[in-house]
Amino acid sequence: MATNTSICGICSLRQITQTSNHWCPQCEEALCDECRDHHKLLKVTRSHEPIPISDYKSIPSFINDIQQSCIYHNEQYQQYCVEHALPICFKCINDHRKCNVTTLEKVINNVKTSEQFLDLESRFDDLLQNIDQIEKDRHSNVTKIEETKTRLVKEIQQKRAEINKHLDNLEKQIIKDLDEQACQNCKTIQKVISSVKEKEIIISKCQTNFQKMKQYASDLQTFLGINKIEMKVYENEQFLHSKSGAA
């Protein structure tokens, strides 16, 4: 990944400082307008699709940090080791001679329309829908508790006119117990709502990162980034499963 995305990498090699407006995910290089135009004309890079530098900067840092070339041999990844779930360059093959190795192009082809990718995208919607339902259920519980409390207190107050002074102390004790239990239940539910709300923020951020990856990340970054995001989704799914059955 370029160390400075604010200036054109190609111009910089010519000792020229030129502001970059575009980013080539395949070359991992910032480009000015003029170099972008040349980039589109060169046979070796004309199939590349530069994106606005602002879009590149919106990609989550953990996706941009994914290396797209071999850190050991400084060569582009061309192969993929299925057994180690690892992209490798041609020089790495000696270390994977006994492994199931295929072309990297084959495993990342159409990754953004793959079943795994689409399933992950769908699970974000499911997570947020589940959170919304849990919030509604918990708010409903709070309302019912308050309504029950109000109804019971009203009944007790109505009965107060029918009973003698001896029962006044009993009435006060019952109301106190109801208040305490209602308060305790509401506090417990509010804690659940608060924790679910925090998860909603995390999941929404994760979903935003996912969409940015979908729109702007390279196929390799997307392929390697899916598992990182899927771990977050799995953690939040487990959390919601633990909360969805709570009263």
Side-chain angles (χ1 to χ4, degrees), residues 57-66 114-217 221-222 224-247:
K57 291 180 178 180
S58 72
I59 298 176
S61 60
F62 77 94
I63 295 296
N64 281 331
D65 289 340
I66 294 177
S114 67
E115 182 177 349
Q116 181 185 18
F117 187 93
L118 296 177
D119 176 67
L120 189 57
E121 189 172 33
S122 175
R123 285 161 66 185
F124 275 116
D125 292 333
D126 292 341
L127 280 170
L128 293 175
Q129 288 176 9
N130 288 338
I131 284 179
D132 181 63
Q133 188 59 52
I134 289 174
E135 289 178 338
K136 290 178 179 178
D137 290 344
R138 294 306 177 270
H139 283 302
S140 176
N141 287 346
V142 171
T143 299
K144 289 178 180 179
I145 288 172
E146 292 295 338
E147 289 175 350
T148 299
K149 171 193 167 184
T150 300
R151 177 176 55 82
L152 290 174
V153 170
K154 183 177 180 179
E155 289 178 1
I156 293 171
Q157 290 175 337
Q158 289 173 344
K159 290 293 183 180
R160 183 177 184 181
E162 302 173 8
I163 62 176
N164 57 36
K165 188 175 180 179
H166 173 73
L167 296 178
D168 285 346
N169 290 335
L170 179 60
E171 177 193 10
K172 292 178 181 179
Q173 185 60 49
I174 293 174
I175 293 175
K176 179 181 178 182
D177 291 342
L178 286 171
D179 283 338
E180 290 178 352
Q181 186 168 359
C183 181
Q184 184 61 43
N185 288 339
C186 289
K187 285 182 178 179
T188 300
I189 291 174
Q190 288 297 342
K191 287 182 181 179
V192 174
I193 293 174
S194 178
S195 63
V196 170
K197 202 68 179 178
E198 291 177 1
K199 290 296 182 181
E200 180 182 19
I201 294 173
I202 293 173
I203 293 170
S204 295
K205 174 63 177 177
C206 192
Q207 185 180 37
T208 298
N209 290 341
F210 182 86
Q211 292 300 325
K212 292 298 184 181
M213 177 183 72
K214 175 181 178 181
Q215 295 175 18
Y216 309 121
Q221 289 175 323
T222 300
L224 298 178
I226 286 178
N227 289 334
K228 296 177 182 289
I229 296 180
E230 191 167 27
M231 289 178 63
K232 287 287 186 182
V233 172
Y234 178 77
E235 291 174 3
N236 285 284
E237 286 174 333
Q238 295 302 306
F239 172 83
L240 291 181
H241 287 161
S242 69
K243 298 299 182 185
S244 60

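Keep in mind it's a predicted model, so treat the numbers as computed, not measured. Position 1 is the first residue of the sequence; numbering continues from there.
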Quick one: list whatever passes side chain to side chain contact (heavy atoms under 4.5 Å, CB included) with [X], sequence neighbours left out.
X	result
Q157	V153, E171
I63	I59, P60, I66, M213, A217, Q221
K205	N209
E115	none

Show the nearest heavy-atom pair for residues [X] and [Y], with the distance to one decimal.
X	Y	answer
L224	K228	O-CG, 4.1 Å
I131	K199	CD1-C, 4.1 Å
I145	I189	CD1-CD1, 3.9 Å

Hey, what do you get for [atom1] ([X]) to [atom2] ([Y]), rounding to the nearest 0.5 Å?
X	Y	atom1	atom2	answer
N130	D125	CG	CG	10.5 Å
R138	I134	CZ	CD1	6.5 Å
T148	N185	OG1	CG	10.0 Å
Q207	I229	CD	CD1	10.5 Å
Q190	K187	CD	NZ	11.0 Å
Q211	S58	CD	OG	11.5 Å

Side chain to side chain, [X] and [Y], heavy atoms closer than 4.5 Å:
X	Y	value
Q116	N227	yes
R151	K154	no
T222	K214	no

Next item on the list: Would you check if the side chain of S140 reaches a backbone N or O of K136 as a donor-acceptor pair within less than 3.5 Å?
Entry: no

Margin query: I'd like to know if the side chain of S195 reaches the main chain of V192, judged simply by a donor and an acceptor atom lying under 3.5 Å from each other, with no hydrogens or angles considered.
Written below: yes

Margin query: Among residues at least two apart in sequence or on other chains, which ones pass side chain to side chain donor-acceptor pair (under 3.5 Å) with E198?
Written below: none

Next item on the list: With sequence neighbours left out, write down each residue that passes side chain to side chain donor-acceptor pair (under 3.5 Å) with Q129, or none if nothing qualifies.
Entry: none

Which residues pass the salt bridge (Lys or Arg N to Asp or Glu O under 4.0 Å) test with [X], sequence neighbours left out?
X	result
E237	R123
E147	none
E135	K197
D126	none

Notebook entry, point to check: How would you list, by chain and number, every residue that makes a ring pair (Phe, Tyr, Trp, His ring centres under 6.0 Å) with F117, sequence neighbours excluded?
Noted result: F210

Next item on the list: Step through the shown structure and confirm whether more than 12 heavy atoms of other residues, nucleotides or ligands are within 6.0 Å of OH on Y234.
Entry: no

Please output the side-chain donor-acceptor pairs of residues 173-182 that fall under 3.5 Å, not counting sequence neighbours, one pair per line with the distance.
from, atom 1, to, atom 2, distance (Å)
Q173, NE2, D177, OD1, 3.1
D179, OD1, K149, NZ, 3.4

